[in-house]
Amino acid sequence: MGNSQCLHRCCNGAETPASSFSPYKAGESPPPPSSPAINMAVPYSDADSSLRSLAGAAEGFGRSAVGGLHGPIHFVTSLAEDGPGSLREACRRTEPLWIAFKVSGTVNLTSFLSVSSHKTIDGRGQRIKITGKGLRLQECENVIVCNLEFEGGVGPDADAIQIKPKSSNIWIDRCSLRNYYDGLIDITRESTDVTVSRCHFKNHDKTMLIGGHPSHVTDRCIRVTIHHCFFDGTRQRHPRIRFGKVHLYNNYTQHWAIYAIGAGVESQIHSQCNIYEAGKKKAVFKYITEKIRRRPGRDS
């Protein structure tokens with residue numbers, strides 16, 4: 001399996017993460033994790049009511065993401081796939097933008113929607129559903145995606161959110177993701193410093209992939225935090241990991257069909273204060289035997 005490491009602690013007696021997993025500077029302390037079963041605090045209750053107060057509130061490896069904080073607020077006024085007032089038009093612009101919505105409804109994508117650097121896609125206040133294809137965060141940095149629904153992706157390689165290649169400082173927060181043809185969130189090809197928080201995953205097979213192939217040794221740079229997420233009867237990959245470092249805490253995973261977490265080649269996993277409620281399948285951690293391949297390969 002190539003030196004896969006995994007440290008798991010149940011809700012009582014959780015240990016402080018190893019320093020190699022900490023995204024905090026020397027002298028700083030991370031917020032203490034608490035059990036999702038008893039944590040009743042409202043997320044970001046300390047933030048004020050202004051739209052952009054969300055910036056900088058991420059925990060973990062994606063904590064530097066401020067999205068479009070330093071740009072103007074830009075409103076999406078059309079649910080069309082492209083054109084004036086559309087989400088695609090806003091995401092392709094090169095300047096920082098805090099993208100909000102004046103409409104509610106479904107955006108049906110026939111091709112991936114590429115998100116450029118320094119963007120926040122903020123669905124708060126409306127109900128925005130993405131279907132058909134998903135978002136592609138390609139060679140970009142400093143992106144926040146929050147309060148969107150992803151459902152009904154179609155066609156080969158259709159992921160709800162693709163983070164690849166070489167993207168960094170990404171925060172995916174409070175999104176609902178289900179029923180896509182391929183994966184729900186893929187983080188591959190040297191993308192790093194990503195936080196996925198408070199998301200609901202349901203009705204899906206290959207839920208989350210981190211590190212795409214045993215030949216992608218440069219994915220050793222990957223660092224991902226996943227916290228306060230609900231994996232609700234999804235079959236596998238909560239997540240499935242190759243290379244890199246992944247910190248999981250305060251997540252609730254129930255009734256998987258194959259395994260909860262898949263640990264592959266050189267994966268380093270710190271599982272802390274999570275709840276795993278098995279159904280018919282009891283395997284929480286699956287150690288997947290694979291070796292580094294010295295040839296190019298495609299994401300699986």
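Because the structure is a prediction, the values reported are computed rather than measured.
- Of the possible donor and acceptor atoms, one in the side chain of Ser167 sits under 3.5 Å from a partner among the backbone N and O of Leu137.
- In this structure a side-chain-to-backbone donor-acceptor pair under 3.5 Å is present from Asn274 to Asn251.
- Atom CZ of Arg174 is separated from atom SG of Cys146 by 6.0 Å, given to the nearest 0.5 angstrom.
- For the pair Phe112 and Asp157, the tightest heavy-atom approach, listed with the atom from each and the gap, is CZ-O, 3.1 Å.
- Heavy-atom minimum distance, Ile226 versus Pro239: CD1-CG, 3.9 Å.
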Trace of the side chain to side chain contact (heavy atoms under 4.5 Å, CB included) decision for Thr225 with Val196: CA-CA 6 Å; Thr225 299; Val196 180; over 6 Å; no
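- To the nearest 0.5 Å, the span separating CD1 on Ile130 from CG on Leu113 amounts to 7.0 Å.
- With 3.5 Å as the limit, one finds no donor-acceptor pair spanning the side chains of His227 and Asn250.
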If you look only at distance, which donor and acceptor atoms sit under 3.5 Å apart when one is on a side chain in residues 254-264 and the other is two or more places apart or in another chain?
| unit_1 | atom_1 | unit_2 | atom_2 | d |
| --- | --- | --- | --- | --- |
| Gln254 | OE1 | Tyr252 | OH | 3.1 |
| Gln254 | NE2 | Asp232 | OD1 | 2.9 |
| Trp256 | NE1 | Lys281 | O | 3.3 |
| Trp256 | NE1 | Ala283 | O | 2.9 |

Check against side chain to side chain contact (heavy atoms under 4.5 Å, CB included), Asp122 and Ile144: CA-CA 8 Å; Asp122 187 348; Ile144 299 173; over 6 Å; no
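- Atom NE2 of His216 sits about 12.0 Å away from atom CD1 of Ile292, to the nearest 0.5 Å.
- Residues Asn169 and Val143 fail the side-chain proximity criterion, which asks for heavy atoms closer than 4.5 Å.
- Checking side-chain atoms of Asp205 against main-chain N and O of Arg235 turns up no donor-acceptor pair under 3.5 Å.
- Within 6.0 Å of atom CZ in Arg92, more than 12 heavy atoms from other residues, nucleotides or ligands are found, so the atom counts as buried in its surroundings.
- For the residue pair Thr110 and Glu81, a side-chain donor N or O sits within less than 3.5 Å of a side-chain acceptor on the partner.
- By the 4.5 Å heavy-atom criterion applied to side chains, His204 and Arg178 are not counted as neighbours.
- Residues Phe201 and Met208 meet the side-chain proximity criterion, which asks for heavy atoms closer than 4.5 Å.
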Worked verdict on His118 versus His70 for side chain to side chain contact (heavy atoms under 4.5 Å, CB included): CA-CA 8 Å; His118 310 295; His70 302 299; over 6 Å; no
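- With Leu97 as reference, Pro72 is the one residue of Cys91, Ser116, Pro72 to meet the side-chain contact (heavy atoms from CB on, under 4.5 Å) rule.
- Residues Thr120 and Trp98 are in side-chain contact: their nearest non-hydrogen atoms beyond the backbone lie under 4.5 Å apart.
- Checked for salt-bridge contact, Glu190 and Lys164 miss the test: no charged N lies under 4.0 Å from a carboxylate O.
- Counting only heavy atoms from C-beta outward, the side chains of Leu135 and Phe150 approach each other to under 4.5 Å.
- Residues Gln138 and Lys166 have side chains not in contact (no heavy-atom distance under 4.5 Å, counting atoms from C-beta outward).
- Listed for the Thr188 side chain is no donor-acceptor partner under 3.5 Å among the backbone atoms of Gly211.
- Between the side chain of Thr234 and the backbone N or O of Asn203, no donor-acceptor pair lies under 3.5 Å.
- Residues Phe101 and Ile121 meet the side-chain proximity criterion, which asks for heavy atoms closer than 4.5 Å.
- Of all heavy-atom pairs spanning Ser271 and Tyr276, the tightest one is OG-OH, 3.2 Å.
- Counting only distance, with no hydrogens or angles, the side chain of Ser168 and the backbone of Thr192 share no donor-acceptor pair below 3.5 Å.
- The residues Asp182 and Lys133 are annotated as not salt-bridged, no charged nitrogen and carboxylate oxygen being separated by less than 4.0 angstrom.
- Criterion: ILVMFWY side-chain heavy atoms under 4.5 Å apart, direct or through other members. Under it, Ile161 and Val107 are part of a common hydrophobic cluster.
- Without hydrogens or angle criteria, Ser176 side chain to Glu149 main chain gives no donor-acceptor distance under 3.5 Å.
- Taken from OG1 in Thr195 to NE2 in His228, the straight-line distance is 12.5 Å, to the nearest 0.5 Å.
- For His238, the ring-ring contact (aromatic ring centres under 6.0 Å, His included) criterion is met by Phe231, not counting sequence neighbours.
- Side chain of Asn142 to main chain of Ser117: no donor-acceptor pair is present (N/O by atom type, distance under 3.5 Å, no hydrogens or angles).
- A donor-acceptor pair is defined here as one N or O able to donate and one able to accept, closer than 3.5 Å; such a pair exists between the side chain of His213 and the backbone of Ser215.
- Ser197 and Asp173 share a side-chain donor-acceptor pair at under 3.5 Å.
- Closest heavy-atom contact between Leu184 and Asn179: CD2-N, 4.3 Å.
- Linking Ile, Leu, Val, Met, Phe, Trp and Tyr residues whenever their side-chain heavy atoms come within less than 4.5 Å places Leu248 and Ile187 in a single cluster.
- Side chain to side chain, Ser267 and Tyr287 fail the donor-acceptor criterion of an N or O pair below 3.5 Å.
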Residues Ser191, Ile170; criterion side chain to side chain contact (heavy atoms under 4.5 Å, CB included); working and verdict: CA-CA 9 Å; Ser191 294; Ile170 310 296; over 6 Å; no
Salt bridge (Lys or Arg N to Asp or Glu O under 4.0 Å) assessment of Arg240 paired with Glu290: CA-CA 13 Å; Arg240 196 273 198 238; Glu290 55 187 6; 3.2 Å; yes
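- Listed by chain and residue number, Phe230 satisfy the ring-ring contact (aromatic ring centres under 6.0 Å, His included) test with His200 (two or more places apart in sequence, or in another chain).
- Using a 4.5 Å heavy-atom cutoff, the side chains of Ile163 and Asp186 are not in contact.
- For the residue pair Tyr180 and Asp159, the shortest heavy atom distance occurs at CD2-C, 3.5 Å.
- A donor-acceptor pair under 3.5 Å is formed between the side chain of Thr131 and the backbone N or O of Gly152.
- Under a 4.0 Å N-O distance rule, the pair Glu266/Arg242 does not qualify as a salt bridge.
- One hydrophobic cluster, built from ILVMFWY side chains closer than 4.5 Å, holds both Leu109 and Leu148.
- Following chains of ILVMFWY side-chain contacts shorter than 4.5 Å, one cannot reach Tyr44 starting from Val145, and the two form parts of different hydrophobic clusters.
- Contact between Phe61 and His247 at its shortest, heavy atoms only, is CE1-CB, 4.4 Å.
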